[in-house]
Amino acid sequence: MIGKNIRYYRLMRNMSLNALAKTIGITRMAISNYENSKRTPDSGMIVKIAESLGVTVSDLLSGRNENLEFRHGEFRRNTSLTKRSQEFVRQSVEEYIGRFYTIIEILGDKVLPEFSVNTDFESGENNEHSALILRKILGFPENGPVGNLVSRLENLGILIIYLDIDIREFSGLNGTVGDRPYIAVNADMTPERKRFTIVHELVHMFLQSDQSCGDERTCNQIAGAFLLGLEDALRELGPRRTYLVGDSILVAKEYGISMGCLARRARDCGIVNQSNYENYCRMASARGWRKKEPARIPEEEPLLFRQLVYRAVSEEEISIRKGAEILKVMPSVIEKDCYPEAV
Amino acid sequence: MKYVCDTNVFDAYQKIDAIEELFLLNAELLMFNETIFQELIDPLGFGNELVSFGLIPVELSDEELILTEEYIGRYLKLSKHDSIALAIAKERNLTLLTGDKNLRKAANVERVSVKGSIGVLDELMDTGKILEERYIDILRRFKKSAKRLRLPVKEIVLRLRIYEKQHE
């Protein structure tokens, strides 16, 4: 438990084994042994490690579920994430899911929707078709906006995690814990970008066995087609146009996608030509949208984790402080929601 | 005499504006220093205020640290600060002050003696540290906030009835 926490906080501080060892005045091997639970540091050493990492001793004592088996997806080959950042993302996912499974163990695993999506299928003849297949297997209608994506996926038994980590280059990762799939996305993205990233990861998860769906560009195209299908794009935007703003912004809002995504879809569906698409890109650059497009839709918050913790608090299975510890929030936040009359 | 405290008892007495009464006990009150300064922060400076009243911050020994790790793994429903308080009480053979149901259960399993929020109040009354009027006043406040503070309403009502009968 302590070993995993040392690694987690060391990676959070973006410190190498050497750097931490040097700060404390011990060898790199000693830190490595602590992290891999080959040796246990005594209380004096734990205090030194905590001080060097800028955390408390009790942070290093945080419970970690040692029984969970993780399989993390690969980061894309040309990712700008350093190896250490990649490891931190994986550790953050494990830390989050560890807390999530604490409440599952307390309430019993029946509180989790069973994951029963049939994954035994082939991708379509083209990206539009693959997107349609993906919609079908996840139980979305063939046409129209997909609505609250996060809620739907949580109800299918897929864990959706918004990772609050300070790594701009990270957008998403998928994997499994036991037999249950998870999708982790950077919490610091707009709701539209989170939705797109989630679908991108779904494509990796469900269609990646097919070689044609392995590359990032194809995954992005299928994700775009999933969120705004061909028929919908033609109906909403018209078969041919030259300019994308005005009503297009409302369409983007309706389908929960960014204008950047909508413009690429309009181009891929042949609604705008390359030249008009480039005109849009220039306009988007001038408005600063290509670096940071404004959010236009409300956040789709994963609710399952918080809901289960609140249930355990309300049913007096756990204390408010335990609930706060699991969710990593102040006790007053839980108190306000679970005992509003007392605040 | 020394008692090891969890946060729950302080929360309860703070919510009903009776925190100073806790320090009238004929005992030193101990708590892990990080629990005081990291957990008791609402209202702001609450931990510092408790120290100024006499709460004694303590460090964890190697044995207490190992025991804490053990308890965190064994008692899932306990917060880590609950596990720390239990480990200190166990290692130092002291009574644990807590109103938390799960911590009481774990303490019973570990054969650690426990005193709850009402038990503390009884002790204050029995040792003459508070007057009967204040005792009743605190009981009534506890009753009013019993759900939020997760206090045993039956126990409170029982005490209030005894008092009422005596004054009929």
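Please read all numbers here as calculations on a predicted model, not as lab measurements. Within every chain, numbering begins at 1; the chains are lettered A, B, ... in the order of the sequence lines, protein sequences first and strands thereafter.
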Residues, nucleotides or ligands: over 12 heavy atoms within 6.0 Å of [X] [atom1]:
| X | atom1 | value |
| --- | --- | --- |
| Asn93(B) | CG | no |
| Arg84(A) | CZ | yes |
| Arg71(A) | CZ | no |
| Asp137(B) | CG | yes |
| Glu133(B) | CD | no |
| Lys144(B) | NZ | no |
| Asn108(B) | CG | yes |

Inset, instruction - Sort Lys101(B) into side chain, backbone, both or neither according to what part of it lies under 4.5 angstrom from a heavy atom of chain A. - result: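 Just its side chain gets close to chain A.
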Inset, instruction - Pick one of side chain, backbone, both or neither for Ile72(B), based on which atoms fall under 4.5 Å of a heavy atom in chain A. - result: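 The side chain, not the backbone.
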Taking only residues two or more places apart in sequence, or in another chain, which ones meet [X] in a ring pair (Phe, Tyr, Trp, His ring centres under 6.0 Å)?
| X | answer |
| --- | --- |
| Phe100(A) | Phe305(A) |
| Phe115(A) | none |
| Phe170(A) | none |

Atom pair [atom1]/[atom2] of [X] and [Y] - distance to nearest 0.5 Å:
| X | Y | atom1 | atom2 | answer |
| --- | --- | --- | --- | --- |
| Asp82(B) | Ser319(A) | CG | OG | 5.5 Å |
| Leu76(B) | Tyr101(A) | CG | OH | 14.5 Å |
| Asp59(A) | Glu34(B) | CG | CD | 7.0 Å |

Legend entry - Winner by heavy-atom pair count (cut-off under 4.5 Å) against chain A, out of Lys147(B), Lys80(B), His81(B):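 The option with the most such pairs is Lys80(B).
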Legend entry - chain A interface, residue from Asp11(B), Leu103(B), Leu149(B) that has the most non-hydrogen pairs under 4.5 Å: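 That would be Asp11(B).
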Legend entry - Part of Ile103(A) lying under 4.5 Å from any heavy atom of chain B: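 Neither part.
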Inset, instruction - Tell me, for Glu66(A) versus chain B, whether the close heavy atoms (under 4.5 Å) come from the side chain, the backbone, both or neither. - result: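 The answer is neither part of Glu66(A).
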Legend entry - Between Gln38(B) and Thr56(A), a side-chain donor and acceptor under 3.5 Å: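 Side chains of Gln38(B) and Thr56(A): no pair found under 3.5 Å.
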Considering only heavy atoms from C-beta outward, does the side chain of [X] approach that of [Y] to under 4.5 Å?
| X | Y | answer |
| --- | --- | --- |
| Pro331(A) | Asp42(B) | no |
| Arg321(A) | Asn8(B) | no |
| Ile41(B) | Met330(A) | yes |

Inset, instruction - Using a heavy-atom cutoff of under 4.5 Å, enumerate the residues of residues 51-71 of chain B that contact chain A, numbered in order, or state 'none'. - result: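 Against chain A, the residues of residues 51-71 of chain B that fall inside the cut-off (heavy atoms, under 4.5 Å) are Leu60(B), Ser61(B), Asp62(B), Leu65(B), Thr68(B), Glu69(B).
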Legend entry - Distance-minimising heavy-atom pair for Arg148(B) and Ile320(A):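 Reported closest heavy-atom pair: NH1-CD1, 3.7 Å.
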Inset, instruction - Sort out for me which of Met1(A), Glu316(A), Glu105(A) touches chain B most, counting heavy-atom pairs under 4.5 Å. - result: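 Maximum pair count with chain B is reached by Glu316(A).
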